[in-house]
Every structure is written in structure tokens, then in C-alpha cells.
Undergrad: 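Have a look at this one.
Quick caveat, the model's predicted, so the values are computed rather than measured.
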Amino acid sequence: MIELAAAFAVAGAASNAMGTAFQRKAASTSERSGLKLLAELVRRPAWVLGMAGVIGAAVFQSLALVNGPLALVQPLFILELPFALLIVGPLLHRHLPRYGWWGVGGVVVGLAVLLAAAAPHGAGDQAPLTRWVPALVLCVGAVVVVTLLARHERPATGRAALLASGSAIANALTAALLKSATGTFADEGFVPFLTSWQTYGFALAGTAAVLLLENALQAGPLAAAQPALTIGDAVVSLALGVFLFHERIRTGWWLVPEALGALFIVGGVLVLSRAVQNLIERPPPGSDD
């Protein structure tokens with residue numbers, strides 16, 4: 001079922017990329033923040049399309065998490081950034097600068113090397129409260145801390161990075177809660193799913209992640225927000241998968257190619273995040289230039 005989980009995760013990354021691209025388009029023209037920003041955005045068609053992408057991503061993510069480990073599914077969502085560039089280009093009538101394709105290659109190759117070396121396995125979908133409580137305390141506490149720090153951060157890049165970090169942590173927590181809730185649905189049915197605290201937990205965590213993402217995209221450049229959002233989600237998800245569900249990755253000498261793959265991913269994400277800010281305007285149709 002690992003292959004099926006990977007396929008659903010890639011589809012979720014593509015859907016989420018569409019959502020982020022349209023949300024960015026909607027949020028970039030607003031000067032509001034917090035709940036006022038969200039109240040304004042719900043009236044914009046671009047934001048509605050973006051939310052449709054986010055909902056589609058949640059469905060694919062649920063299917064992926066039912067079939068595979070969190071430590072596999074969430075890192076594959078790093079592919080969201082290359083997908084986003086393919087969507088943003090036509091949306092804004094621009095194309096990726098040449099150096100940006102090196103970033104795409106770095107992300108794809110790095111992710112392939114990392115996951116092939118780590119080989120995440122041992123996917124459970126339930127954890128006792130003795131593991132959930134410390135995980136919730138740490139994640140919620142970290143989100144509160146970075147959000148408070150962002151309120152006092154003057155540079156736009158710092159605010160965007162901090163808020164994106166909070167969104168990444170909330171996203172990872174949402175995925176862990178979603179995995180547990182969908183596991184309950186698959187094993188026990190709809191009624192136990194509705195009475196599971198994890199079901200309402202992932203709804204709350206997901207709402208917080210969306211709100212933090214909207215404010216991160218509005219606060220500063222995507223080059224500041226995207227690395228924290230993309231890499232942070234993967235790292236925190238990996239930690240939660242190992243801690244909560246006792247998922248396992250290969251260690252020993254396998255750590256060498258894992259580290260190499262991670263370096264390729266970080267480099268690729270940094271290159272792509274800057275490439276987003278330097279998309280080249282497409283010539284008008286029929287132009288000879």
C-alpha cells in the first residue's frame with residue numbers, strides 16, 4: 001500500500017499547490033490581517049478556488065495517510081513548491097527563470113534519495129494519550145510562541161517566516177490528528193469517527209494552519225515564508241510519526257544519503273522560493289521577442 005499512499009500524497013501536493021497559488025493571489029492585494037483578512041478573502045473568487053484546492057488536498061492526504069506512514073506522506077508534500085511554480089506561471093502570465101529548474105531538480109532528486117534511503121515503515125494510526133498529550137503541548141506551545149514573536153517582528157521577511165513556521169507546525173499536527181481520525185473511520189465506521197476527539201482536533205488545527213498561512217502570505221515575500229512552511233512541515237511530521245505512531249526509518253550508514261538528500265531539498269527549496277519572486281513576464285501572444 002506504500003505505492004498507493006505515495007500516489008495520493010503526490011496528488012495532494014499538486015492540489016495544495018493550486019490552493020496556495022490562488023490564495024496568494026487573493027491575499028497579496030489586502031492590507032488587513034487576522035480574522036479581518038479571512039473575512040475579506042472569503043468574498044474573493046480566487047480565494048474560493050484556493051480553498052477548493054486545499055479541500056482536495058485534504059481528501060488526498062486522508063487517503064494517503066490511511067495507506068502509509070506519516071513520515072512518508074508529509075515529506076512528499078514538499079513537491080507542492082515545484083507544482084506551485086507550474087501553476088503560478090500561467091496564473092500570472094510569467095515563466096520560471098532558467099536557474100529555477102535547478103531548484104526543481106534539487107527538490108525532486110533530494111526527495112527521492114531521502115525517502116529511498118529512509119524507507120519509512122511501520123505505519124500505525126493510533127497512539128495513547130500518554131504520547132498525544134506531550135505532542136499536543138509541544139506543538140500548540142510552539143505555535144503560540146512563534147505567533148507572539150511575529151507580532152513584535154518588524155521586518156516583513158521575519159514576520160512571514162515566523163508565521164509560516166507556525167503554519168507548518170499546525171499543518172504537521174493536523175496531519176497526525178487526521179491520520180488517527182481516518183484510521184478510526186476505516187476501522188470502526190462513521191459514528192466512532194464523529195465521536196473521536198482527533199476529528200475535532202484536526203479541524204481546529206487545520207483552521208489555525210490556514211489562518212497562519214494567510215497572514216504569512218500577506219505579511220511578507222513568499223521567499224521568506226515558503227522554506228519555513230515546506231521544510232518545517234516535513235520535519236515536524238517526521239518527528240510526530242516516529243513519536244506518536246512508532247514509525248521507523250533506517251539509520252546507521254543510511255543517515256549519510258538521508259542527509260545528502262535533505263541538503264538537496266533545502267537547497268532546491270531556497271532556490272525555488274527566490275525563483276517565485278523573479279518569475280519572468282511572458283511576451284504577449286504573437287510577439288517576436
Undergrad: So do the side chains of Asn171 and Leu213 get within less than 4.5 Å of each other, counting heavy atoms only?
TA: no
Undergrad: Under the 3.5 angstrom rule, does the side chain of Thr182 hit a backbone N or O of Lys179 as a donor-acceptor pair?
TA: yes
Undergrad: Do Thr230 and Glu80 have side chains that get closer than 4.5 Å, going by heavy atoms?
TA: no
Undergrad: For residues Glu258 and Leu255, determine if any side-chain heavy atom of one lies less than 4.5 Å from a side-chain heavy atom of the other.
TA: yes
Undergrad: To the nearest 0.5 angstrom, please state how far the CG atom of Leu238 sits from the CG atom of Leu114.
TA: 8.0 Å
Undergrad: Count the heavy atoms of every other residue, nucleotide or ligand shown that sit under 6.0 Å from CH2 of Trp102, and state whether that count exceeds 12.
TA: no
Undergrad: Side chain of Tyr200, backbone of Leu194: donor and acceptor closer than 3.5 Å?
TA: yes
Undergrad: Rounded to the nearest 0.5 Å, what's the gap from CG on Asp233 to OG on Ser165? Could you check?
TA: 11.0 Å
Undergrad: When rounded to the nearest 0.5 angstrom, what is the spacing between OG1 in Thr199 and CG in Leu204?
TA: 11.0 Å
Undergrad: Does Arg131 reach the main-chain N or O of Phe245 with its side chain, forming a donor-acceptor pair under 3.5 Å?
TA: no
Undergrad: Check the hydrophobic clustering (I, L, V, M, F, W, Y; side-chain heavy atoms under 4.5 Å; chains of links allowed) and say if Val266 and Leu111 are grouped together.
TA: yes
Undergrad: What are the two closest heavy atoms between Phe77 and Ala9, and how far apart are they?
TA: CE1-O, 3.8 Å
Undergrad: Can you check whether Ala150's main-chain N or O pairs, donor with acceptor, with Arg159's side chain at less than 3.5 Å?
TA: yes
Undergrad: Hey, any chance Ile231 and Val107 share a hydrophobic cluster, counting ILVMFWY side chains that come within less than 4.5 Å of each other, even indirectly?
TA: yes
Undergrad: Please report the closest heavy-atom contact between Pro120 and Ile249, naming both atoms and the distance.
TA: CA-CG2, 4.2 Å
Undergrad: With rounding to the nearest 0.5 angstrom, report the CG to CG distance, Leu72 to Leu65.
TA: 9.5 Å
Undergrad: Should Leu272 and Phe83 be counted in the same cluster of Ile, Leu, Val, Met, Phe, Trp and Tyr side chains packed under 4.5 Å apart?
TA: yes
Undergrad: Say whether Leu79 and Leu270 are linked into one hydrophobic cluster, either directly or through other cluster members, by side-chain heavy-atom distances under 4.5 angstrom.
TA: yes
Undergrad: Which one of Val66, Val73, Leu63 satisfies the side-chain contact (heavy atoms from CB on, under 4.5 Å) criterion with Phe8?
TA: Leu63
Undergrad: Going by heavy atoms in the side chains, are Ile2 and Pro69 under 4.5 Å from each other?
TA: yes
Undergrad: Side chains of Trp197 and Leu129: does their closest heavy-atom pair fall under 4.5 Å?
TA: yes
Undergrad: What residue among Val144, Val146, Val145 forms side-chain contact (heavy atoms from CB on, under 4.5 Å) with Leu148?
TA: Val144
Undergrad: If you compare all heavy atoms of Val271 against all heavy atoms of Gly100, which two are closest, and at what distance to 0.1 Å?
TA: CG1-CA, 4.3 Å
Undergrad: Side chains of Leu240 and Cys139: does their closest heavy-atom pair fall under 4.5 Å?
TA: yes
Undergrad: When hydrophobic residues are tied together by side-chain contacts of less than 4.5 Å, even through go-betweens, does Leu81 share a cluster with Val235?
TA: yes
Undergrad: Okay, side chain of Gln198, backbone of Leu178: is any donor-acceptor separation there less than 3.5 Å?
TA: no
Undergrad: Write down the atom of Pro227, the atom of Val269, and the distance for their closest heavy-atom approach.
TA: CA-CG1, 3.7 Å
Undergrad: Under a 3.5 Å distance rule, please check whether Ser180 uses its side chain to pair with a backbone N or O of Gln126 as donor and acceptor.
TA: no
Undergrad: Give a yes or no answer on whether the side chain of Ser196 reaches the backbone of Pro192 with a donor-acceptor pair at less than 3.5 Å.
TA: no
Undergrad: When you measure from the side chain of Ser15 to the backbone N and O of Ala11, does any donor-acceptor pair fall under 3.5 Å?
TA: no
Undergrad: Can any side-chain N or O of Gln74 pair as donor or acceptor with the backbone N or O of Ala172 at less than 3.5 Å?
TA: no
Undergrad: Can you confirm whether Leu76 sits close enough to Leu115 that some side-chain heavy atom of one is under 4.5 Å from a side-chain heavy atom of the other?
TA: yes
Undergrad: Of all the heavy-atom pairs spanning Ala170 and Ala205, show the shortest one and how long it is.
TA: CB-O, 3.8 Å
Undergrad: Please list, chain by chain and in numerical order, all residues satisfying ring-ring contact (aromatic ring centres under 6.0 Å, His included) with Phe185, sequence neighbours excluded.
TA: Phe193
Undergrad: Looking only at heavy atoms, what is the nearest atom pair of Ser237 and Leu70, with distance?
TA: O-CD2, 3.4 Å
